[in-house]
Amino acid sequence: MPERTLVQAVRDALAEEMERDERVCVLGEDVGLKGGVFKATEGLQRRFGAQRVLDTPLAESSIAAVAQGLALEGYRPVAEMQFADYSFPAFNQIVNEIAKIRYRSNGDFSCPLVIRAPTGGGVRGALYHSQSVEAYYCHVPGLKVLLPSTAADAKGLLKAAIRDPDPVIFLEPKKLYRAERGEVADGDAALRPIGEALVVRPGSALTVITYGFMRAVSLEAAGILARENIDVEVIDLRTLRPWDVEACVRSVRQTGRVAVVYEANRTGGFGAEVAAELAERCFADLDAPVTRIASPDVPAMPFNPGLEDAYMLNPEKIADRLGALARY
Amino acid sequence: MPERTLVQAVRDALAEEMERDERVCVLGEDVGLKGGVFKATEGLQRRFGAQRVLDTPLAESSIAAVAQGLALEGYRPVAEMQFADYSFPAFNQIVNEIAKIRYRSNGDFSCPLVIRAPTGGGVRGALYHSQSVEAYYCHVPGLKVLLPSTAADAKGLLKAAIRDPDPVIFLEPKKLYRAERGEVADGDAALRPIGEALVVRPGSALTVITYGFMRAVSLEAAGILARENIDVEVIDLRTLRPWDVEACVRSVRQTGRVAVVYEANRTGGFGAEVAAELAERCFADLDAPVTRIASPDVPAMPFNPGLEDAYMLNPEKIADRLGALARY
Amino acid sequence: MLDAYRTILLARALDDRRFLLNRVGKLAFIISPRGHEVAQVAAITALEPGRDRFCLYYRDFAAALACGFTPRELMLGAFARAGDPSSGGRQTPGNFGSRRRGVVIGSSTVGPQIPKAAGIALALKWRGDGALCFVSFGEGATSQGDFHEGLNFAAIHRCPVIFFCENNHWAISVPQPLQVAGPGVAERAAAYGIPGVRVRGDDFFGVHAAVSHAARRARAGEGPTLIEAEVVRLQSHSTDDDQRAYREASDLSAEATKDPIPRLRETLISRGWLTVDTDREMTNRLTVEVERATDEAEVAPDPDPATLARHVYADA
Amino acid sequence: MLDAYRTILLARALDDRRFLLNRVGKLAFIISPRGHEVAQVAAITALEPGRDRFCLYYRDFAAALACGFTPRELMLGAFARAGDPSSGGRQTPGNFGSRRRGVVIGSSTVGPQIPKAAGIALALKWRGDGALCFVSFGEGATSQGDFHEGLNFAAIHRCPVIFFCENNHWAISVPQPLQVAGPGVAERAAAYGIPGVRVRGDDFFGVHAAVSHAARRARAGEGPTLIEAEVVRLQSHSTDDDQRAYREASDLSAEATKDPIPRLRETLISRGWLTVDTDREMTNRLTVEVERATDEAEVAPDPDPATLARHVYADA
Ligand SMILES: Cc1ncc(C[n+]2csc(CCOP(=O)(O)OP(=O)(O)O)c2C)c(N)n1
Ligand SMILES: Cc1ncc(C[n+]2csc(CCOP(=O)(O)OP(=O)(O)O)c2C)c(N)n1
Ligand SMILES: [Mg+2]
Ligand SMILES: [Mg+2]
């Protein structure tokens with residue numbers, strides 16, 4: 001199987017799905033000749049034409065609205081928000097319109113579309129190119145929210161999202177676009193089911209539940225603890241809504257200890273949902289408090305590297321907290 | 001002290017603060033002669049004029065943006081979003097602009113304003129006049145989020161919000177606008193501190209942490225359990241960001257059991273933050289799992305009364321869950 | 001033509017009945033089309049229900065009838081019964097939707113249907129079978145950013161869409177001068193290089209002609225048109241509103257004389273297309289129809305509470 | 001006048017230096033004003049820094065200098081040092097802010113400053129001391145709903161605001177025809193009943209006159225003006241972009257000849273306001289100034305990581 005970076009895998013998924021199904025189209029700012037600011041759509045316009053790969057005006061609300069209109073007419077639009085931070089002008093279209101049209105029409109209408117957006121920090125993007133926005137969308141019934149962290153998952157889940165009958169928010173950790181690479185299958189063999197978490201490192205001492213860029217960082221932290229013979233299990237959620245509660249419960253039942261590691265601001269982050277649910281479901285099995293390890297409640301990543309480092313979680317910060325949890 | 005309904009208390013707070021400080025002004029859709037769709041601003045335009053009580057165009061993003069501009073120039077605007085469901089067109093202005101201007105300017109600028117919005121259901125408002133939106137705003141560093149549930153708290157906290165140096169999202173449970181009434185002090189005596197929860201019913205068997213309309217419903221549930229000699233302590237958070245963790249921890253340390261009751265959709269609701277934090281902080285004191293009692297993950301309240309009732313929490317539903325928790 | 005007139009009378013008769021039912025506490029909430037009916041029906045009858053798409057807004061009660069909703073269906077919606085074709089009683093009445101009729105369900109939110117209609121029209125353009133999308137809204141909705149984004153997008157891509165503004169000069173209590181900067185809504189079209197037309201909303205033939213012309217342009221690939229129909233709001237915004245709180249009594253009584261239906265009736269009679277007798281007959285037959293629709297809806301079953309959580313996502 | 005010319009040369013010299021520093025890996029990210037400088041400085045010098053408010057956008061590097069930012073301050077921003085007056089190194093360079101100078105800090109988000117400026121101008125109107133608010137943005141920003149909402153609000157309330165669009169015909173890779181429906185940005189003013197003016201952005205005196213006129217109107221209570229200055233983007237969108245990927249080589253080389261600075265220099269010399277010698281002297285003095293600013297910024301301290309959580313809320 002070919003080696004691909006995460007961003008290449010996204011591009012492959014788009015190309016394959018557009019090849020497979022002519023209803024699939026791509027729209028967004030600079031997705032055409034430029035191929036997107038991260039090159040996720042590079043070459044697609046040359047290959048599929050300026051209709052199916054449409055450069056939109058600089059107006060996110062209309063990007064979401066037009067995608068919805070196309071979906072209502074039977075197309076399978078994949079809309080790009082250039083940065084997740086810039087999905088907020090489209091918030092009303094996404095939350096009030098796209099997420100609720102199936103419900104409010106009592107099932108008469110549906111809106112199968114994908115909204116892709118690069119998310120998260122660590123790339124010196126500063127306040128407005130670094131935000132982790134998943135919590136806003138994970139609270140919305142009617143939406144599905146995916147956040148892959150490997151090339152294979154990015155491709156497999158994006159293909160599944162495009163084929164899904166409901167609207168999907170597809171968040172891509174921009175920090176991993178080029179940093180993350182791996183073997184990726186072609187065609188349907190690449191498909192990944194929505195809603196399944198994955199144990200990416202088996203362990204017995206404690207469970208780390210994470211997603212996105214924090215998967216790699218948590219694995220490093222687990223490596224550090226391995227030297228102290230603390231054997232950490234790491235689970236990558238991959239899908240945040242609906243998330244794989246059972247897989248997490250299974251692990252926590254065995255380890256008796258769990259930390260939820262997420263890059264977003266701590267307060268009200270999606271990790272709170274995971275922690276609350278597991279605290280309730282696994283109460284009898286817990287030997288230590290369900291622990292949240294997240295970013296500080298600061299608006300977002302500052303530009304200055306020293307401040308950015310101070311903001312970001314890293315393997316050491318996480319290892320410290322995990323060590324304490326293991327010793328609790 | 002005069003008896004006031006919750007909506008009258010809101011109006012009194014606005015009138016008193018406008019009287020006290022000429023920088024205070026009100027803007028929004030229909031806030032003028034009509035006095036707002038819930039009459040929260042009734043009479044204010046006649047009293048303070050059409051400049052200080054400004055009817056805006058039907059455009060929430062500009063309502064938030066104009067309020068921000070006024071705040072930057074030293075005014076103390078109180079903007080009304082006609083329904084919390086309609087704050088989403090302003091989401092970008094609130095989250096990216098208003099909440100972050102102090103931080104991104106390294107303290108050079110600040111944005112003291114209040115955004116008021118009626119929230120929650122139970123009034124046959126259906127999908128778009130019933131949503132509970134607090135979780136979206138509670139995840140935003142830079143914002144404060146208040147959600148009072150009595151006339152006295154509504155007045156005292158709104159006055160405090162108007163005087164606060166930072167932007168405040170002020171959510172008013174529309175179900176209680178007229179249903180809730182009580183004695184309310186005049187002037188500064190009415191002021192309530194931001195960030196303080198209140199034990200509204202002392203009890204020893206278990207702690208219920210709630211806010212908004214669910215305060216009254218939880219109290220009724222507590223009444224039901226009292227007949228079974230289950231003595232429930234009920235805490236009204238009143239301020240959601242920053243919320244009063246210490247007061248909640250104190251109570252849970254004593255009762256050893258806690259349920260978080262909230263009207264919003266369960267998944268990713270603000271109650272998840274409360275539950276996660278208490279599960280972590282009170283681990284050693286807990287005799288039963290931290291329990292969440294919330295609305296189903298359905299977009300929002302349907303219009304049909306039977307469906308609305310099926311959606312809403314009520315004293316019986318809550319009492320059932322609390323009984324189980326007490327017997328755990 | 002008489003069909004259209006009949007639809008207009010039917011809308012009025014149903015609306016009158018809704019208010020009666022509201023007064024006796026049987027209907028919770030009404031948004032009345034009173035004063036808009038002629039413009040709404042004139043617009044829809046210039047188009048092709050079944051072929052075209054319609055993004056209506058909450059005041060388009062008469063337009064919904066013209067799109068094919070039956071009195072019974074609208075009454076089922078008014079009573080929020082399980083049989084309500086739009087939402088099975090889930091939404092407030094007025095959010096009309098029916099996939100098979102091409103009526104795209106709205107939400108109560110003001111504005112978002114405008115760029116959505118541009119997207120629908122883009123799809124219709126791609127499909128290239130000459131269908132178009134009609135989207136209506138009040139003048140208050142033109143203040144939303146979505147109005148601008150929708151017109152800009154549709155104009156850039158020459159989408160076959162008709163933007164139909166029912167300007168009753170009030171957005172609940174906010175009058176046009178505090179809502180719409182500049183001369184008016186129609187003038188906004190020039191900013192996007194598309195035609196903008198202002199018509200009297202009580203002039204059935206004027207509205208019909210303007211929409212027909214816009215439809216020809218749309219089907220011919222010439223892109224969108226913005227039409228502003230000036231109408232009157234003869235009722236308060238909704239049954240939750242009382243416009244006497246913010247409008248002059250003189251203004252209200254003056255407007256009360258501007259009901260477009262009598263004017264249309266006179267025109268039809270003067271042109272010899274209608275006689276006083278046929279008109280009376282028609283009215284009587286409609287009354288019976290309204291009776292039946294009301295009775296059926298009143299006894300129709302409510303949605304099963306067990307269906308609350310259905311259709312959040314596709315059924316597994 | 002020579003001051004303005006000097007500011008323009010200074011902006012260019014600083015920008016050249018930033019690119020050198022970028023190439024040797026010392027500066028992470030630059031958005032260049034190259035091609036916009038004359039229009040920016042002409043606009044600001046027609047106003048009253050200190051008295052007026054300025055909502056600038058990320059490309060307004062030359063405008064920031066004209067508003068009173070010093071080369072050293074801009075270099076501190078470029079290096080994201082603690083001494084950066086805009087954000088203490090927190091934001092990407094280009095989000096200029098300084099309360100005492102009336103420069104309202106922007107975010108990287110395209111569009112929101114437009115209705116914000118309407119609100120600031122409303123406050124200035126209430127205060128009534130004749131101050132105004134200047135807000136600038138690219139033509140891409142005109143597609144945002146916020147553009148429409150801001151102009152509509154400002155026009156309704158006759159706010160003293162100048163909407164200044166620097167139209168370089170590109171929004172990153174999206175050309176004007178896919179961005180702005182209709183004839184152009186200036187024509188959008190008519191929709192709101194306010195004046196709209198298009199000027200050549202390389203014509204210092206034309207821009208200056210247009211802004212001066214708009215300022216007189218604003219201060220006289222006559223409301224907002226929309227000005228479209230047509231400029232060229234002589235660099236890629238930013239150092240993260242390479243416009244050769246989406247623009248014709250011929251187009252790029254043609255545009256390269258349209259640098260507004262030589263044209264201004266010739267005008268000044270032909271009018272006898274500048275000699276080749278004074279020009280050379282000026283340039284030499286600026287080079288020294290740029291040196292000093294760069295050296296000082298390079299060695300200036302970074303923000304203390306311990307301050308990360310400061311200014312989320314007011315200090316207790
Ligand atoms: C985004 C949003 N904001 C506010 C409201 C509340 N609201 C409902 S109708 C209305 C007035 C609309 O006026 P207009 O667009 O002129 O239509 P009309 O009712 O006059 O036909 C308002 C403010 C809403 N439904 N959606
Ligand atoms: C809301 C939002 N969407 C997208 C972006 C990404 N972005 C930054 S600049 C830009 C192009 C802006 O073009 P224009 O407004 O013409 O200004 P110019 O850069 O050409 O001066 C885009 C798409 C953003 N910053 N904000
Ligand atoms: Mg209206
Ligand atoms: Mg541009």
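It should be emphasised that the depicted structure is a prediction, and the values quoted were computed from it without experimental measurement. What's counted below: heavy atoms across the whole structure, side chains too, no hydrogens, waters or symmetry copies. Here is how names work: the chains are called A, B, and so on, in the same order as the sequence lines, proteins then strands, and each is numbered from 1.
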Item to check | A/Asp108 side-chain N/O to C/Ser86 backbone N/O, donor-acceptor pair under 3.5 Å | outcome: no
Checklist entry - Any idea which heavy atoms bring C/Ala314 and A/Pro165 closest together, and the distance? => result CB-CG, 3.6 Å
Item to check | Toward chain C: residues of residues 76-95 of chain A with heavy atoms under 4.5 Å | outcome: A/Asn92, A/Gln93
Checklist entry - Looking at C/Pro85, C/Gly106, C/Ala117, which one has more heavy-atom pairs under 4.5 Å with chain A than the rest? => result C/Gly106
Next on the checklist: Taking every non-hydrogen pair under 4.5 Å, which of C/Gly88, C/Cys55, C/Gly97, C/Ser107 racks up the most with chain A?
Outcome noted: C/Ser107
Checklist outcome for this item: Smallest heavy-atom separation, A/Pro57 atom then C/Ile156 atom, equals CG-CD1, 3.7 Å
Checklist outcome for this item: CG of A/Asn106 to OG1 of C/Thr307, rounded to nearest 0.5 Å, is 7.0 Å
Checklist entry - Taking every heavy-atom pair that is under 4.5 Å apart, which of C/Ser98, C/Cys159, C/Pro303, C/Gly111 has the most such pairs with chain A? => result C/Ser98
Checklist entry - Going from CG on C/Leu124 to CD on A/Glu73, what distance comes out if it is rounded to the nearest 0.5 angstrom? => result 4.5 Å
Item to check | Donor-acceptor contact present, side-chain C/His311 to main-chain A/Arg102, <3.5 Å | outcome: no
Item to check | A/Asn96 side chain near C/Pro112 side chain, heavy-atom distance below 4.5 Å | outcome: no
Item to check | Side-chain (A/Tyr103) to main-chain (C/Tyr313) donor-acceptor, under 3.5 angstrom | outcome: no
Next on the checklist: Minimum heavy-atom separation for C/Val104 and A/Phe109, please, with both atom names.
Outcome noted: CA-CZ, 3.7 Å
Checklist entry - Does anything in residues 141-154 of chain C get under 4.5 Å of chain A by heavy atoms, and if so which residues? => result C/Asp146, C/Glu149, C/Asn152, C/Phe153
Which side-chain N or O atoms in residues 75-82 of chain C pair as donor and acceptor under 3.5 Å with protein atoms at least two apart or in another chain?
| residue | atom | partner | partner atom | Å |
| --- | --- | --- | --- | --- |
| C/Arg81 | NE | C/Ala297 | O | 2.9 |
| C/Arg81 | NE | C/Ala300 | O | 3.4 |
| C/Arg81 | NH1 | C/Asp302 | OD1 | 3.0 |
| C/Arg81 | NH2 | C/Glu298 | O | 2.7 |

Checklist entry - Closest heavy-atom contact between C/Ala123 and A/Tyr75? => result CB-CE1, 3.6 Å
Checklist entry - Does any heavy atom of chain A fall under 4.5 Å from the side chain of C/Ile114, the backbone, both, or neither of them? => result neither
Checklist outcome for this item: From the list C/Arg127, C/Gln113, C/Arg99, the residue making the most non-hydrogen contacts under 4.5 Å with chain A is C/Arg99
Checklist entry - Distance from C/Gln91 atom CD to A/Lys100 atom NZ, nearest 0.5 Å? => result 10.5 Å
Checklist entry - Do any of residues 18-31 of chain A come closer than 4.5 Å to chain C, heavy atom to heavy atom, and if so which ones, in number order? => result A/Cys25
Checklist entry - Quick one: which of A/Leu70, A/Leu72, A/Val66 gives a side-chain contact (heavy atoms from CB on, under 4.5 Å) with C/Lys116? => result A/Leu72
Checklist entry - Is it the side chain or the backbone of A/Pro141 that comes within 4.5 Å of chain C heavy atoms, both, or neither? => result both
